[in-house]
Amino acid sequence: MVEIHGGFQAGFEAAAAEFARNFAERDDVGAALSIVVEGQPVVDLWAGSLDRAGTRPWAAASVVNVWSTTKAVNALCFALLVDRGLIAYEDPVARWWPEFAAHGKGAVTIAQLLSHQAGLCSFRDPAVVEDFYDQPRAAARLAATEPLWPPGSRSGYHAISIGVLAGELFRRITGVSLGQFIAAELAGPMELDLTLGLPVSEEARRAEMIAPPEMATSNMATDLNPSQVAAYTNPVIEPLLPNTAAWRACELSSANGFSNARSLARLFGAVAAGEVLRPETLAQATALRIEGVDEVLGVQARWGAGFLLNTDGLYGPRPEAFGHSGWGGSFVVVDPVARAAIAYTMNRMGTDLVGDPRDVALIAAAYEGLA
């Protein structure tokens, strides 16, 4: 039996039980679960090991690469710029980044870019993963690229490329990188374990990513459409990339955030409680921008301005819920009605694109306490 650490308030017994069951029945190795309501933690649990060998215990302050759950933080950073009157979601990207207008992209708005409508889900010319690490060059390549579909006509998940695109746009608007902004405006003031990439000084707290080799993105689908070919195979993304120093040394607001459930729940719990954004800004950030079968994901998706809106009960029973999920199982759910946030982080990646059994069980159990 894995020893569960931390605690929970009365009413959240089911969430604690499902967290333990993830280890007993669903093969978790190391993980954390946190739920914040009205700005206060009601569940804060962690257990297991940082490594497959079981030699390094998961601790309260351990961190792990949360893959695309990072996109929720990316969306929040842009919402803060809107909140401060620095941008509007309907502003064209090319206002700050003139080169982006190439090949008919001049009318693409910030909201369309964040909601994966720009048709730039990856490079068109051959690429390797290291190309994402040279972000100025990658941004210039993507800006000069002809979109894979008419912008605004559909969504197609920009799994990694949105980190380059959003990062370049954010830098041009503010003069600082997203990583610098997160450190100064969120992680520092709120005392969060939250970084893009991971400083070498924090290595001792890092969980090893664990995944079967068949999880490489080249194996995610068959009979790929051109957008999926670009997103999944050009370049192929390996699930163990977070274990490499090169991945941790760059900033990708799409996929290489390092955090833990406690910090994500604290941050988005504050959002849910109205402490971070004005209500009208949150309404704009979570307004439906596009819905339908996503060109890359191949499943129904409803997108706000960078946030994934609750679709078919993915984030529980309330249609107002939103957040983002990460490859392999991590997630953050924000419920503005309950003024609550639920976050789960782990190092053993699951193979379900949607509906990871661990996530389904944890969210359903969390709502037993939030009801």
Side-chain angles (χ1 to χ4, degrees), residues 1-7 16 18-34 43-70 73 129-130 133 160 187 192-217 219-220 236-252 254-265 325-332 343-352 356-359 361-362:
M1 292 291 291
V2 172
E3 182 179 1
I4 308 296
H5 302 277
E18 291 299 339
F19 182 70
R21 196 166 289 124
N22 278 352
F23 288 89
E25 301 176 11
R26 304 182 189 113
D27 300 322
D28 256 342
V29 174
L33 172 69
S34 186
V43 174
D44 188 28
L45 300 171
W46 63 92
S49 175
L50 297 176
D51 59 347
R52 185 190 295 271
T55 61
R56 301 167 55 219
W58 196 290
S62 295
V63 296
V64 65
N65 193 113
V66 298
W67 288 106
S68 288
T69 301
T70 314
V73 181
V129 71
E130 288 79 9
Y133 303 162
I160 306 298
L192 306 175
D193 296 314
L194 176 61
T195 57
L196 293 187
L198 188 70
V200 174
S201 60
E202 303 302 310
E203 277 293 305
R205 297 196 290 149
R206 175 181 63 85
E208 170 193 13
M209 195 58 69
I210 301 166
E214 61 268 22
M215 277 192 71
T217 56
N219 298 319
M220 290 182 71
V236 170
I237 303 298
E238 301 286 352
L240 301 186
L241 275 172
N243 297 339
T244 67
W247 178 264
R248 300 193 298 272
C250 75
E251 289 185 8
L252 284 169
S254 52
N256 85 333
F258 282 77
S259 191
N260 50 43
R262 174 186 288 180
S263 293
L264 290 170
S325 305
W327 190 23
S330 67
F331 67 81
V332 63
Y344 166 69
T345 57
M346 76 308 131
N347 60 351
R348 200 279 297 170
M349 293 175 67
T351 57
D352 296 275
D356 186 300
R358 297 167 297 177
D359 299 7
L362 290 174

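These figures come from a predicted structure and were not determined experimentally. All residue numbers in this chain count up from 1 along the given sequence.
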### Task
Mind telling me whether Y133 and W247 have parallel, tilted or perpendicular rings, with 30° and 60° as the class edges?
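Judged by the thresholds at 30° and 60°, the geometry between W247 and Y133 is perpendicular.
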
### Query
Parallel, tilted or perpendicular: which describes the rings of H5 and W46, with under 30° parallel and over 60° perpendicular?
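Because their plane-to-plane angle is under 30°, the rings of H5 and W46 count as parallel.
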
### Message
Restricting to ring pair (Phe, Tyr, Trp, His ring centres under 6.0 Å), what partner residues turn up for W58, sequence neighbours left out?
### Response
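By the ring pair (Phe, Tyr, Trp, His ring centres under 6.0 Å) rule, W58 matches no residue at all.
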
Let me confirm one number: the [atom1]-[atom2] distance from [X] to [Y], rounded to the nearest 0.5 Å.
X	Y	atom1	atom2	value
S325	W67	OG	CH2	15.0 Å
N22	D359	CG	CG	8.0 Å
E208	N243	CD	CG	5.5 Å
L198	E251	CG	CD	12.0 Å
L241	W327	CG	CH2	7.5 Å
S62	N347	OG	CG	9.5 Å

### Message
According to salt bridge (Lys or Arg N to Asp or Glu O under 4.0 Å), who are the partners of E18, at least two apart in sequence or on a separate chain?
### Response
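Partners of E18 under the salt bridge (Lys or Arg N to Asp or Glu O under 4.0 Å) test: R21, R26.
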
### Task
Quick one: list whatever passes salt bridge (Lys or Arg N to Asp or Glu O under 4.0 Å) with D28, sequence neighbours left out.
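Per chain and number, D28 pairs via salt bridge (Lys or Arg N to Asp or Glu O under 4.0 Å) with R358.
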
Using a 3.5 Å distance criterion without hydrogens, assess whether the side chain of [X] forms a donor-acceptor pair with backbone atoms of [Y].
X	Y	value
S49	V29	no
T69	G326	yes
S259	L194	no
N260	A31	no

### Message
Going by salt bridge (Lys or Arg N to Asp or Glu O under 4.0 Å), name the pairs with one or both residues in residues 194-206, residues two or more places apart or in two chains.
### Response
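Residue pairs with at least one partner in residues 194-206: D193-R205, E202-R205, E203-R206, E203-R248.
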
### Message
With salt bridge (Lys or Arg N to Asp or Glu O under 4.0 Å) as the rule and sequence neighbours excluded, what pairs involving residues 49-67 come up?
### Response
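For residues 49-67: none.
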
### Task
Applying side-chain contact (heavy atoms from CB on, under 4.5 Å), run through R348 and D27 and close with a yes or a no.
CA-CA 8 Å; R348 200 279 297 170; D27 300 322; 3.7 Å; yes

### Task
Using only heavy-atom distances, determine whether the side chains of T345 and S330 contain a donor-acceptor pair under 3.5 Å.
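Side-chain D/A pair, T345 to S330: absent.
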
Search all heavy atoms of [X] against all heavy atoms of [Y] and return the closest pair with its distance.
X	Y	result
T351	P212	CG2-CG, 4.2 Å
A261	A32	CB-O, 3.5 Å
L240	A211	CD2-N, 3.8 Å
S254	I160	OG-O, 2.9 Å
A47	V2	CB-CG1, 3.8 Å
L252	L196	O-CD2, 4.2 Å

### Query
Can L362 and L33 be said to form a side-chain contact (heavy atoms from CB on, under 4.5 Å), step by step?
CA-CA 9 Å; L362 290 174; L33 172 69; 3.9 Å; yes

### Partners meeting side chain to side chain contact (heavy atoms under 4.5 Å, CB included) with A249 (sequence neighbours left out)
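By the side chain to side chain contact (heavy atoms under 4.5 Å, CB included) rule, A249 matches no residue at all.
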
### Query
Hey, mind stepping through N256 and C250 against side-chain contact (heavy atoms from CB on, under 4.5 Å) and telling me if it holds?
CA-CA 8 Å; N256 85 333; C250 75; 3.7 Å; yes

#### Entry: Stepwise side-chain contact (heavy atoms from CB on, under 4.5 Å) check, I4 with F19
CA-CA 9 Å; I4 308 296; F19 182 70; 4.0 Å; yes

